[in-house]
Every structure is written in C-alpha cells, then in structure tokens.
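The structure appears below as structure tokens.
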Amino acid sequence: MKLITALIQPHKLPDVKKALFDAKVYKMTVTSALGAGAQKGYTETYRGAQEEINLLKKIKIEIAVNDDFVQPTVDAIIKGAKTGNIGDGKIFIQPLEECIRIRTGEKGKAAIG
Amino acid sequence: MKLITALIQPHKLPDVKKALFDAKVYKMTVTSALGAGAQKGYTETYRGAQEEINLLKKIKIEIAVNDDFVQPTVDAIIKGAKTGNIGDGKIFIQPLEECIRIRTGEKGKAAIG
Amino acid sequence: MKLITALIQPHKLPDVKKALFDAKVYKMTVTSALGAGAQKGYTETYRGAQEEINLLKKIKIEIAVNDDFVQPTVDAIIKGAKTGNIGDGKIFIQPLEECIRIRTGEKGKAAIG
Amino acid sequence: MNRMKILKKMSLTMAILATILAVSPIVMNQVYAQEEAVQQAPQKTEVKKPSATDELAYAVDNMFLFFCAVLVLFMQAGFAMVEAGLNASKNTVNILFKNLMDLCIGVGLYWLIGYGMMYPGDAFKGGWFGFAGFGVSEKLGDVAGGTLHPQFDFLFQVAFAATAATIVSGAVAGRLKFAAYLIYSAVLTGLIYPISGMWKWGGGWLDAMGFYDFAGSLVVHAVGGFAGLAGALVLGPRIGKFNQDGTPNPMPGHNLAFTALGVFILWIGWYGFNPGSQLAFYGSANTSAVGIIAVNTTIAAAMGAFGAMLFNWILYGKPELSMALNGALAGLVGITANCDSVTNGEAFIIGIVAGIIVVLGVILLNKLKIDDPVGAFPVHGLAGIWGGIATGLFGDHPLGAQIVGSLVIPAWAFITMYILFFTMDKIFGIRVSEEEEIKGLDIGEHGEEAYAGFQIIETK
Amino acid sequence: MNRMKILKKMSLTMAILATILAVSPIVMNQVYAQEEAVQQAPQKTEVKKPSATDELAYAVDNMFLFFCAVLVLFMQAGFAMVEAGLNASKNTVNILFKNLMDLCIGVGLYWLIGYGMMYPGDAFKGGWFGFAGFGVSEKLGDVAGGTLHPQFDFLFQVAFAATAATIVSGAVAGRLKFAAYLIYSAVLTGLIYPISGMWKWGGGWLDAMGFYDFAGSLVVHAVGGFAGLAGALVLGPRIGKFNQDGTPNPMPGHNLAFTALGVFILWIGWYGFNPGSQLAFYGSANTSAVGIIAVNTTIAAAMGAFGAMLFNWILYGKPELSMALNGALAGLVGITANCDSVTNGEAFIIGIVAGIIVVLGVILLNKLKIDDPVGAFPVHGLAGIWGGIATGLFGDHPLGAQIVGSLVIPAWAFITMYILFFTMDKIFGIRVSEEEEIKGLDIGEHGEEAYAGFQIIETK
Amino acid sequence: MNRMKILKKMSLTMAILATILAVSPIVMNQVYAQEEAVQQAPQKTEVKKPSATDELAYAVDNMFLFFCAVLVLFMQAGFAMVEAGLNASKNTVNILFKNLMDLCIGVGLYWLIGYGMMYPGDAFKGGWFGFAGFGVSEKLGDVAGGTLHPQFDFLFQVAFAATAATIVSGAVAGRLKFAAYLIYSAVLTGLIYPISGMWKWGGGWLDAMGFYDFAGSLVVHAVGGFAGLAGALVLGPRIGKFNQDGTPNPMPGHNLAFTALGVFILWIGWYGFNPGSQLAFYGSANTSAVGIIAVNTTIAAAMGAFGAMLFNWILYGKPELSMALNGALAGLVGITANCDSVTNGEAFIIGIVAGIIVVLGVILLNKLKIDDPVGAFPVHGLAGIWGGIATGLFGDHPLGAQIVGSLVIPAWAFITMYILFFTMDKIFGIRVSEEEEIKGLDIGEHGEEAYAGFQIIETK
Ligand SMILES: Nc1ncnc2c1ncn2[C@@H]1O[C@H](COP(=O)(O)OP(=O)(O)O)[C@@H](O)[C@H]1O
Ligand SMILES: Nc1ncnc2c1ncn2[C@@H]1O[C@H](COP(=O)(O)OP(=O)(O)O)[C@@H](O)[C@H]1O
Ligand SMILES: Nc1ncnc2c1ncn2[C@@H]1O[C@H](COP(=O)(O)OP(=O)(O)O)[C@@H](O)[C@H]1O
C-alpha cells in the first residue's frame, strides 16, 4: 500500500476531486496548507512596511491506495490539477505499512477502499 | 519507529485523547481536515443551487511511536473513536526512519517519547 | 528521497524559513497544528468550569529532499527552531519513494527541487 | 423530477397567496371595525383643535418615543451578536435565525393580538386578563404633551415583546429544534408576555397592588430569563457539558468579539429601553427624570461589568471578558425596574451587586447541572429579580409588593413555559438528534454554514 | 531606490496640494457666489423675526431630520456587512473598500453638483433636467415648521444617494476592477441618480404626471438594483458559478453573522429612511403619519423575512437564513414607496409578497445565468418595482402613473449604466484577470488580506 | 482544596460587600451634601414657573443632547471594533476588555470626581485647576432653551472622557499588562483629562486666552493620541515589529471587516460628538449651526478617507483599506475643533489634508521605530493638532492662541502620561513577559481565547 500526497492549487480541488471520482478513487483526506515552491509569491506593502509573501495557499490531498491503484490515482490528480503553469504542485508517494478501519477492525486491502 | 496517523470524527477527539493518555501515550499532533470516505455526505441547496457536500470535517492525529508501542496506540485510538457507525475513521501506519528532538538533538528512541 | 516533517513553535517559523533559505532549501509545505508533547499546557477556568489545555499551537513543516540534503535540512531546522526550552519541537524523517511534478510530469530528483 | 416538485410547490403557494390576497381586505376591515369600536370613545375628544403648545409637546414626546423605540429595536442586533458569539460556530446560523424570527413573529403576533391583550384599557383595571381588539389603531387621539400616538406606542412596546422572547434563544442554544423554537416564540409574544405584562403595565392586579417595575426588570427580563430556564431544564444540557462526576466542561464561545459588540449595542439600546419608559420628555419634571434614568442606567451598567470582573478575578485569579460582559448586562437588567426611583449613588451599588449576582448565578447553574450556554438565566432572570427587590430596598416602593411581583412574574413565565416545552417534547420531541447536535444545527436544521471557507476545529 | 521614488512622489503630491490650497479660496468663493445668487430670493423673507412657535417647530422638524439622516447614514455600515458576509473571504477588503468609497465619493460629488441637479428649484418644475448651482447653501432660510435648513436636507439626501450607489457593489462583487468601480460610483451619485431623482422628488415630469414614490422604492432602490443588474450582465458570472449544463453552483458567503448584523443595521437605518421622508414631525398630522410609516415599515420587514423563510421552506424543505435576511430587506424596499399610504394590514401583505418575490428572483437569476452574489437585483430591483406597483394597488395613487414610473426609472438606470459599464469595458476592461479573480481581489487589487492569521480553505 | 479556596474568597467578598452596603448610605449622603451645597445658589432661581416656551425649548435642547450622548457612547463599540480588527487575533480578548473597562472605570471616576474637576464653575474662571464637589447634581436647574440638565450634561461629557481614554488602548496593544492599563485608565479619566479639559471647556486659562476647540480635536483626541504615544514609547515596539536594520515588518490586523465596521460606527457616533457640542438645538441660529457642523463633519470624513486612499495609492501603487479607514477618522478628528467655524468647502480641504497627514504619520512612526499598532497617534494626535491649527487658518480664531493650545495640551498629556507609564514600569514592570506576548495576551492575561474552534496560523 502507498500513501499518495498531492499539493495543488486551491481552486483546482473541484477538478481533482472530479478526476479522482472518474478514476473510482472515492476516499481521501484534504487539508489546507501554505506552500513555498517554484511559484513566486507576491510583495505586499502594509502601512508603509514591505514584505514578500512567499508562502502561498495550497491544498494538500492525501490518499491511501493499494499498489495497483497508484498509477491511476497519480494520473487522475495530474489530469485535474495540471495547467502547465508554475504552481501546479507536486505529488509524493510514500510506503504505507498498514491501514485499519476503526469501525470494523479490518486491515490492509480490505480497509483501504 | 512508526508514524501512526488516525482520521477520526471531530467530536471523538476528547475520548481518543483520554484513551491515549490511559495507554500512556502523551505525545501527538492534531490537525483538522476534510475527508471523503465511506460516510455519505449531505446535500445542500443554497439559494436555489444544489450541491452535494462530500467532504466532511475530520480530525487527523499523528503519533510517532516505538515499534512496541504501535499496538497499544492503535488499540487506544480504536477504543476512543469506535462507535460502530460509518464515519468512525481510519488508521494508517508508516515507517519512520528517524526522530530528532530539536531541543537536545537526541535521536531515535530517546527522542520519540 | 526523504520526507522531513518538523513540528516547531509558531513564532519560530520566520527563523526556520530563513535558516532553510540560507541552506538553499526553498521548497516546503506549512500547516498549522495542535500538539501535545513534553511541553506543559495551561489550565483555564472558563465561567466557573476548569479545563487543562494540553494541545498547544504548533507549526508543521514538511520538506521533501534528496538523500544528500537531509542533514543540511535537519541542521537548518534545528538552527532556526532551537531555543533550548521545552516545546522546541521534533523532526521526523520518513522514506519517500517517488516525487512527481504535476506541471511537467518529471519524477524523482528532477522533481523534488 | 426535483424541478417538477419545486414547480408544483411554487404554484400551490401562489394559489394560496392569491386566496389570501383576495380575502384579506375583508379580514382587515374586520380588524379595523373592532379596533375603531374600541377607539370610538376617546376619539370624540379630538374635535377641538389642539393649541400650538399642545402640538409641540405632542411632537416632542412622540419623537422622543420614536427614537427610543428605534434604540430598543436595535437591541435585537445586540442579542443576536451576544448569543452567536457565546456559542459554537456550528450553531451560528441557527442562533441568528432564531433572533431574526423572534422579531418577525413578535411583530406579527403582537400587532395582531398581543398589544390588544397587554393594553386592554380601563375596563379591565385591576384584572388578570383583557382584550381591546385586534390590531393597533392608526387614528390620532388626543394631541397634548404626554399623549402618545398608538402607532408609536405599539412600536415601542413591540420591541419590548421581542426582547423578552429573544432572551430565551441563548439559553436553549445548540439543541432545540428550530420549528419548536418558532412555536415557543409565537406563544410567548402572542400570549404569555402580554398577559403578565397586562398585570403590571396594562393596569392589572399587580399594578393595583402597588407593585412597581419601571421599565421591566421583571415584566420583560425575568420573563425571558425564566422562560429560558424552563427551556434549558426540559432540554437538558448539551452533549459534553457535564462530566459523569458532575463537573462542568468549558464550552467557550466561538467569537468573543461578536459578544463584546453585542453588549455595546445592547448597552446603547438600553438608552431607549429605560429612558423611553418615561413615555414623555416634555415638562421639566419629565426631562429631569429622563436625565436621571439615563445616568443611572449608565452607572449600573459600568459597575455591573466592573463588579463581575473584580469578583471573578478574586475567585479565579483572572479577569474574564465574557463574565464582565455578562456583568454589564446584569447591571442594566438590575437597574431597569428602578432607574427612575434611585439616586446615582444607589445605581452604583445596584450595578455592583448585579455583577456579583451574575458570577454566582453561573456557579449555581453549574452546581445544578443546568446548561445555559449564554448565561441568560443569571443575567435576565436573577438580575431581574434583584432589580425588583432593589426597587423596594432603595426606591421607596413597598417592599412587600415588590417581593410578590418578583416571585409571581418569574413563576408565571417559568410554569407556563415549562408546560409548553414539556408538552411539545412529549408530542414531537423538541431536541435535535445526537448526530445533528454534534454536527451542528446549522447543517442539520438549515443546510447552511455560517463560515464557508474557514477551517474550524471543533472538538466538543 | 524604492525609497527615493516614494520621496519623489511624496513631494510631488505636496506641491499639488499646496497649489490646491492656494487656489481653493478662489474656487470656493465662486461656488458660494453661485449658490448665494440662487438663494437670494427666498432669503429676503428672512427679515421678519420668527415667532417662538415657529422657532420651536423649526427645531423639532430639523432635529427629526437630523437624527433620521444619521440613521440613514448608518445604513452604509449595514450594506458593508451584508455584502462582505455574502461573499468569499478573499474579496472582503475589496467589498468593504467599495462601500466606504461609495459614501466618500458620493458625499464629495453630491455636495458639489448632485444636490443642485436633484433639487433645482421651481424654475425647472415638470422638466427633465435642471441645475441650481454648485454646493449647498449654508444660509438659514425661512424659519417655521416644515421648513428645513438646506444643510440638514443635504445630509439626509446625500445618504440616499450613497445608498443607491452602494447597492451595486454587491451585484458586481468578486470580479470588477476597483478603479472601474470608483468611476461608476462617481457617475451614479454625481449624474444618473440626481437626474432621475429630480424627475420625481425635484418636481420633474414624473412628479407632474402623478407618479408617487414616498421614500424611494424606485428613485433609490430600483436605481441601485437595475444598475447592479447592468453591471452583472456586462461582467458575466464569477468563475465557477455556473456549470456547463447551466446549473448553478452554490458560492456561499464567508460570514453569515456579518450578513445578519448588516440586515439588523439596515432595518434600523430604515427608520430614518422612511419616517424621515415625511420631512416634518411637528403638527399632529405629521406626527401621526410618521407613526404609521414607522409601524408599516416594521411590519413589512418582519413579514418579508417571514414570507421568504416560509416560501423557501416549502420549496426546498429547509429554512435558509440568507434568504430570510434578503426577505427582510425586500419587505423594507417594497414598503418604501407607500409606507405613508397604506394601512398596517396592507403593509403585512406587501411584506409577505416582497419576501416571496425575492425567492423567485433568485431562481430567475439562476435560470438566466446571471450572477448577482448578494441578491441585489431581487432585493432592490424587483422588490422596488413591487413597491411602486403596490403603491397603486393599495395606496390610492393612480395605477397608471405608478406603472409608468416603475418602468421608466429602472429602464433609465439600467440603460445608462449598461452603456457606462460596456464602454469602460471596451476602453480598458473592467473585469480583473482570471488569476486575480481566483486568488481574490483583496490580494490583486489591494495587496491586503482581511483575515491575517486565519486559515481559510477556499475550494471555489 | 481548590473549591475551599474559592468558597473562602467568596465569603470574604460578600463580607466586604455587606460592609460597603452598610456604610454606603452615609458616604452617599456626604456626596449629596457637598453637591447640594455647590448647587445651592443657582437652585434659587428655580422658584418661578417656567413658561411653556421655556419648557419646550428646554425639552428640545436636552433631548438633542441626550440622543447625541447616546451616539457618542456608541463610539465605544466603534473603537473596540477598530482596535480589535487591527491587531492579532491572539490579543482580541485583551483589547476588547480594555475598551470595555475604559468606559466602566471612566463612568465611575468621572462621575465621582472628574466632572466636578472639569466643570468647577465660575469661581475658577481662567484658572489651572478647580473642583466643584463629588458626584453630579440630580436637581433640576433653570428651565429654558440652552440650559442643560446636569445629568444630561454629565452623560454627554462622560462619553468624551471615555473616548479620550480608549484611544490609548490601540497604541499600547499586544504588550501592556492589563492591570497597568486599568491604572492608566483611572488616572486619565479621573485626573489628567478633566484638568486639561477644564483649561478650555471648564473656563480655564486656555479659554481665557482665546484658544478655540469646538468639540475636542485637542481636548479629547490629541490628549488620547499623545497619551498613546507616551505609552508606546515607554513600552517599546512589539517583538518582531522592527528588523535589526530598522526596517519595519507588517503585522497586519486579523479582521479588517471589524475595523471597517468600527470606522462606520465611529463616523456615526461623531454625529453626536460634533453636532452635540453645540449643546443646543433650539433657536434658528443653533439649528443652523448644527446643520453646518453635521455637514462639515461628513465632508471632512469623506475627504479624509479619499485623501488617504489617493495619497497611499500614489506612494505605494495600491489603495489600502486600513489606511483609508484611518484617513476617515483623521478627517473627523481634524474637523472636530472647527466644524462650527468653517464652510463646507473648507471642511473639504481640512479633510483631505488630514487624510494625507495620517499616511505621513504612519511613515514617520516607522522611521522613528515607534510601534503604534492601530495608528492612534497619527489619527488622534497629529490630526488633532492639525484640527487645532486649521481652526486658526480657516476659522477666524486667533492663530497664536491656537498654536499655544495645540502645543500645550498635547505636551500636558504626553508628559504626565510618560511619567505615569515610566513610574509604573519602574515599580512593577508594565510589559508582559516575552513568552506571554508571543502566545498572546488573551491566554496570558485572561485565560480566554476569542475564537474557540477557529484554526489560526500566526507566524509573528
Ligand atoms: N520539496 C518540497 N517539499 C515539500 N513541499 C513541496 C516541495 N516542493 C513543492 N512543494 C509543495 O508543492 C507546492 C507547489 O510547488 P511548486 O514548486 O510551486 O510547483 P511547480 O514546481 O510544479 O510549479 C508548493 O507550494 C509546496 O507546498
Ligand atoms: N484511502 C484513504 N485515503 C485517505 N484518507 C482516507 C482513506 N480512507 C478513509 N480516509 C479518511 O478517513 C475518514 C473516515 O473514513 P470513512 O470511510 O468514512 O470511515 P469508515 O469506513 O471507517 O466508516 C475519511 O473521511 C477520510 O478523511
Ligand atoms: N511522538 C510524537 N508524535 C507526534 N507528534 C509529536 C510527538 N512528539 C512530539 N510531537 C509534536 O512535537 C511538538 C513539540 O514536542 P515537545 O515534546 O513539546 O518538544 P520538546 O520535547 O522538544 O520540548 C508537540 O507539540 C507535538 O506536536
């Protein structure tokens, strides 16, 4: 099993959700985050003081999947999030050793979907 | 070492915290998240427009533990979070290679607790 | 590749950011979190009711790096976040199997930086 | 399918509306007929042309009451902010909605029947119940200083009725069904409040007995406070409020800035509530009275906040804002019955005591395991009674009558409202489901969240 | 480098300012010269010393108008809160700023030219356009009951002008460039509103025709509502509002507590808007009229909210707060034209119908794929027209003239404003870039966020 | 154990309170004795019955002042919102609490001693200090137009005192200990403000010299602004405000919607502040003056906001809301001293200049590395001085006296307050610990957070 984490532009969340649903990925966890990456921030002057805002608002999506679902999930995220502009975001894939459904105590493949 | 991540119902946080404390797990990190899972969302009509809300509010708890603490921690989370209803949540277990205490520079087992 | 997660005091974020930039680490993801650790919380009485607040506000920084960048990144975080007091925080290091840049589809080393 | 249903419902509503529009003139004529019958007698004296002085005094007094009524109506915004701020964000829409509907239903019903029940006229002097007819006269009566146009009088009085009703919404917050609240609100403003109001202000038996309540510590605030207590008792505490060992958990409000703003607005609104209750400004005796009333109100509010802050500080070692804000309101409630009868110095003391009462009241509720999320009972119920008693202690009114009134009115509100909430609960259940309570009434009752886009971490 | 630039700009501004300060006396003298010329004739009658009764009546009437003007000016806070609350948090600074600038630009321009265009004097009776001169007289005119000091009259009128302007900011929220908005606001308060206002209230052709609009359902609200519609049409909907199949997506406001507070403030402000439009309080006929106006206003507002809530409940199975709040405003707009001409019972009906209209109006806009984020068009445009028609149906004013006025004024506002927005769009583009719209106008236009420190998750 | 302690404290407090209640009648009698002695002389003239005209004029003037006082008191809500919004969310409870206590302590002390010091009577004409006795008379004095009941006069004046005090809370936000603030607030409203107030409004030496300050650009606003500067200087900047190279960091406010609402409320409140300072409405000269005052106030506010926006736009290339809001307040402060002495056109200029001054003032503070989180010094201090000078430039008052007054009053406030803050700092330290400042004063001082449930990410 893998844990896929994607950092995307906030306004792309509906598109990514749709692409994931089309790919039959229905489970996910979404949080808001601030990100620094290749995308340049913007400069604010506030009451005479200047500051470079280089942490931009991002959405973080985490999806735990079985190994055979990794590629379709990654593809779906890219499909929904890609515009070709800087700031589109990143996907990280990590190993996931176990997954447990609290309600039933099921583990592994049975629990993830 | 493992990193245990649990996604639970927000109102179960006090119970889970209590169960963890009883199991002598005192350290954790809590964030709020939105989750899509087996639990059905709800439909809203807002000023004549309809929308299915399928991202529900969840609490994410992350706990880094030594290997021998994995089972007690998982048990405690289940004890605190389980109601038997859909939406109870999931637990993920990932490998954790290193843990460092910033204050002292301690590593590994010494740092985690 | 590794995923480095640091939990630090909120007001140390600017210092850590600066230390990371000095170490040529420009990419990261920041979220806010509540943490329980060695640091003691505080007790509130609210309208005659007492409660121990043991979840304190923390900042979580996630940085994906190539293996040779792990040590410099950890050092920079410690440099920026350390005060020697309880509550300074922790750093976790996890394996990262893949990293994909959504915009270009680049993978691995090419994508991470 | 869904669309078809909506279209069907729409046409149905339209048909009903058309019918209403068609029959309404008849009904309305009916209302006016009754109303004019009632107003016949006094109208006769209208024949002689009033003098310029009468016209001027009439204008001054009615203008005074008009702007005071506007200030009292503004209090609705204050209550909405106070209560919204002291509750969880997941119930914000629900609380705001209840406050809005209080006013709207209150205006409708108090206009239709409440006003006629509360001010039934001299025929019902000393009695328990009366009715002057539907609606409110639009006719000009006597023109002279101290005489009020019935429309202004109604505007002022309806704001009081809405105040009494809205106090309850805080006490039952977070668990009462919206529909049940609407029913409660209608019964209170259309029936319960006008009846006990008539006992005192309508010239009823309490008035005859010598009971004094200048602007409504009891007639308005204690009615609301004890109705709220009844609701809180029938409902029981919110999930998570009390531990199994009986100790209370803090369930802090989600926005104390709203609460503070609300208290400032209420404080301002009280300058309509108390001074306006003089019902006249012209004539130096009236002018002077209004001046003293306004200053007494100010001093009591200030000292209520100060007293609550200090007492809380002494007890718990810290100055707590939400308690000081409750204290200001308690000071205002405490001075309401007697603001025209006491000196500035006495107002000072009445305020401090009210502030202390509110702190003790919150402790008491915790002890009794009653969950009143905004402190409506201590602020309006207990400080209301204190106001009634203080009127006897400081204000040269017979203490006996004050004690009777200060017991009877709260009891009336508590008993009738307990019966109402209890009966509704038996018939259809007035408490939302556990799941709905946990998720918040905004989603469950209204499908609408107050803070779209804000990430909120609620753990209770 | 940056600092040098700023210093240079600073000195330049100072130089310009110094020049302005130097020439301003001359310009101002000019203004006054013109103004005094205009005021010459009536000033003559000032010679005879007014009687004490005249002085008193004058004081009463002007004081009444003064406090009413303050209430109407308070409505600016209400609009700011309503509109801010109904939009996304990322556009909050922008919305608030537009509301502030409406008032500021409105005060400047309406003082300089608008007032003189709207009340050009008897010389332009029955006409289409007139001008009395720059500025506003500071001279005392006749002293008697019913006579207003021009400065108070201006204060009251400028608040109306700002109201008309500010309605639009909600309809074009989230996508209009700030600079374009400032231009629009200047044109509306300095030109468009005074012209159509003159047609009715300045004694122009609509007035001569017998058209009646007591406090501005059409003259103020429909002008704003239809100008907003024009803006929304030229701009097109916000990104994400409509799906490809034409179905609308909800884009809920970020803070319904602000919206509720705003509606309570507007409701309170309306006690200046409608009662103040009687322009006199002294004289029992005036006093009585103001009383009826105030109660009618209250009843219509209450029933507007109630009607909208109920109708929405019937249609969608749930009581929606934002719709009930819009309903209260629609009730207020609907009663504005006729509050002095109908009975309490008729106000009841006018309010309910207005509440239903607002629900239907929102559905209509969704059908037509027009994106009006706060419902400005249904509330001010449609309910405004309803107010005009209701004046004919219930208020004993010729229905024909009411229909003409209820068509002509909205058409005037819509057409002129459509041309303005369209022309601006052709010349420099009035819509912000897609990227700016997505990130929010607060960052794009102002580089300032409303909620520093709050974590906000926007998904639209 | 804990419970025992609380019970013990509770009984102790009750015992003290009982004692106070027991002795209070004696003290109060004392107060009244003194007070009545003072009021003896003028009371004599009360014998003859006032005419109807006198009664009416008296009613009109006192009613005018009453509603104006209510408007000024409403400003407390405005200040609370402005200051809360411009600071970090972690200090919200603290700021709101300081604003509430300003008013409460102000009412208590200004009633007890302040009013008697500020208006000591003719005996102290032209002097530096005087005292008329404790408390405020509740007796009716002369009844005639222009005569004010002492209670109304007090209500109006106490609102001014609270305004002066509350200005400081913004300047010292985020780092001053709560207890130190309470002491400061007591000293200012009970001593410092009444003394300098007496110099001008109590008939003291500045008044005798010909210095003019109609409604308090200096007497109220500059006192607050310079007291705030003193506090900010003694405290030093917040952690993180200035970098080691001296450049400032933005520390944006957490809720600009609150700030905007607060400014709208203050603007509205100013219609009590300035027009009310005419202290009379009856008599066409008064009526006319109030009209001009109200319009001048409006124009200056509008142009202050417009000027600040434009100047900021020129300097930094973007229109900044928080600066425009400060500009509106600066315009209001600038016109306060002279609103009755200038024309509408001059008000226009005074407003624009005030708006520019505020932008320059913020730059100046940054240069001097003084940290005034809400801009209290530029808005109230600098624009206050500008108001005093403008009174000489435009208003036909001797420029020399204006300059003296515009230097002396700020200096008095600055020096006395610097000494107070400095002394307190030496004795017990007025700044909270670094840790507390970082975590926020809400937790450290009050153990109560303003936004329970909202996730807030503060990085400063
Ligand atoms: N190495 C990294 N470690 C952690 N987060 C990262 C890393 N690189 C990118 N991110 C996250 O991904 C977001 C998008 O990155 P960005 O570089 O702007 O995208 P792209 O390079 O595809 O245009 C960033 O804002 C940040 O939150
Ligand atoms: N495969 C997954 N990947 C990421 N998050 C998941 C996944 N499955 C579940 N979750 C998270 O766990 C939460 C609870 O899941 P849910 O399916 O509702 O629980 P259960 O199946 O135990 O009733 C979801 O809301 C989501 O946040
Ligand atoms: N074992 C753990 N699992 C998850 N989070 C942890 C763990 N230990 C610490 N943390 C996080 O790190 C933060 C800082 O920990 P703390 O023990 O206070 O630091 P230190 O021990 O260095 O003084 C905590 O608030 C919590 O968010």
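Proteins come first, then strands; the chains are lettered A, B, ... in the order of their sequence lines, and each starts at number 1.
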Counting heavy-atom pairs under 4.5 Å to chain D, which of A88(E), A260(E), A257(E) comes out on top?
A257(E)
Looking only at side-chain N and O atoms, does T147(D) offer a donor or acceptor that is under 3.5 Å from a partner on D142(D)?
no
Between T259(E), N286(E), L360(E), which shows the greatest number of heavy-atom pairs under 4.5 Å with chain D?
L360(E)
Which bit of M63(D) is near chain E, if near means a heavy-atom gap under 4.5 Å: side chain, backbone, both or neither?
both
Among N296(E), I265(E), D61(E), V290(E), who wins on heavy-atom pairs under 4.5 Å with chain D?
V290(E)
Pick one of side chain, backbone, both or neither for S322(E), based on which atoms fall under 4.5 Å of a heavy atom in chain D.
both
Top contributor to chain E interface from G85(D), A52(D), G262(D) [non-hydrogen pairs under 4.5 Å]
A52(D)
Between A324(E) and chain D, with a heavy-atom cut-off of 4.5 Å, which part of the residue counts as in contact: side chain, backbone, both or neither?
both
Would F67(E) and F152(E) satisfy ring pair (Phe, Tyr, Trp, His ring centres under 6.0 Å), going step by step from the backbone distance to the final call?
CA-CA 10 Å; F67(E) 286 119; F152(E) 284 121; 9.4 Å; no
Within the side chain of N91(D), is there an N or O that forms a donor-acceptor pair under 3.5 Å with the backbone of L441(D)?
yes
For Y115(D) and Y110(D), take the angle between the two ring planes, folded into 0 to 90°, and tell me which bin it lands in: parallel under 30, tilted 30 to 60, perpendicular over 60.
perpendicular
Contact check, side chains of E436(D) and E445(D), non-hydrogen atoms, under 4.5 Å:
yes
Tell me whether the rings of F178(D) and W313(E) are parallel (<30°), tilted (30 to 60°) or perpendicular (>60°).
tilted
For V359(E), which atoms come within 4.5 Å of any heavy atom of chain D: side chain, backbone, both, or neither?
neither
Identify which part of L182(D) has an atom lying under 4.5 Å from any heavy atom of chain E, answering side chain, backbone, both or neither.
side chain
Can you find a pair of side-chain heavy atoms, one from L155(D) and one from L73(D), that are under 4.5 Å apart?
yes
I363(E) portion near chain D, given a 4.5 angstrom heavy-atom threshold
side chain
Checking N338(E) side chain against G334(E) main chain: does a donor-acceptor pair fall under 3.5 Å?
yes
Parallel, tilted or perpendicular: which describes the rings of H254(E) and F258(E), with under 30° parallel and over 60° perpendicular?
perpendicular
Measure distances from F281(E) to the heavy atoms of chain D and classify the residue's part below 4.5 Å as side chain, backbone, both or neither.
both
Could you look at L261(D) and say if it's the side chain, the backbone, both or neither that has a heavy atom under 4.5 Å from chain E?
side chain
Interface moiety of L310(E) toward chain D, non-hydrogen atoms closer than 4.5 Å:
neither
Quick one: what part of H149(D) sits under 4.5 Å from any heavy atom of chain E, side chain, backbone, both or neither?
side chain
Quick check on F306(E): does its CZ atom have over 12 non-hydrogen neighbours (other residues, nucleotides or ligands) under 6.0 Å away?
no
Using a 4.5 angstrom heavy-atom cutoff, name the option from A57(E), C68(E), S288(E) with the most pairs to chain D.
S288(E)
F66(D) versus chain E, heavy atoms under 4.5 Å apart: side chain, backbone, both or neither?
side chain
Top residue by heavy-atom pair count (under 4.5 Å) with chain D, among I456(E), L321(E), T287(E)?
L321(E)
Of the listed I293(E), V263(E), I352(E), L56(E), the one with the largest count of heavy-atom pairs under 4.5 Å with chain D is L56(E)
Heavy-atom distances under 4.5 Å only: say whether I105(D) touches chain E with side chain, backbone, both or neither.
side chain
Check whether V93(D) gets within reach of chain E through its side chain, its backbone, both or neither, counting any heavy atom under 4.5 Å.
both
Distance-only polar pair, side chains of Y451(D) and S89(E), donor-acceptor under 3.5 Å
no
Using the ring of each side chain (for Trp, its six-membered ring), is F74(E) parallel, tilted or perpendicular to F74(D), with breaks at 30° and 60°?
perpendicular
So, the part of L71(D) with a heavy atom under 4.5 Å from chain E: the answer is neither
Classify the side-chain pair E320(E)/N312(E) by whether it contains a donor and acceptor separated by less than 3.5 Å.
yes
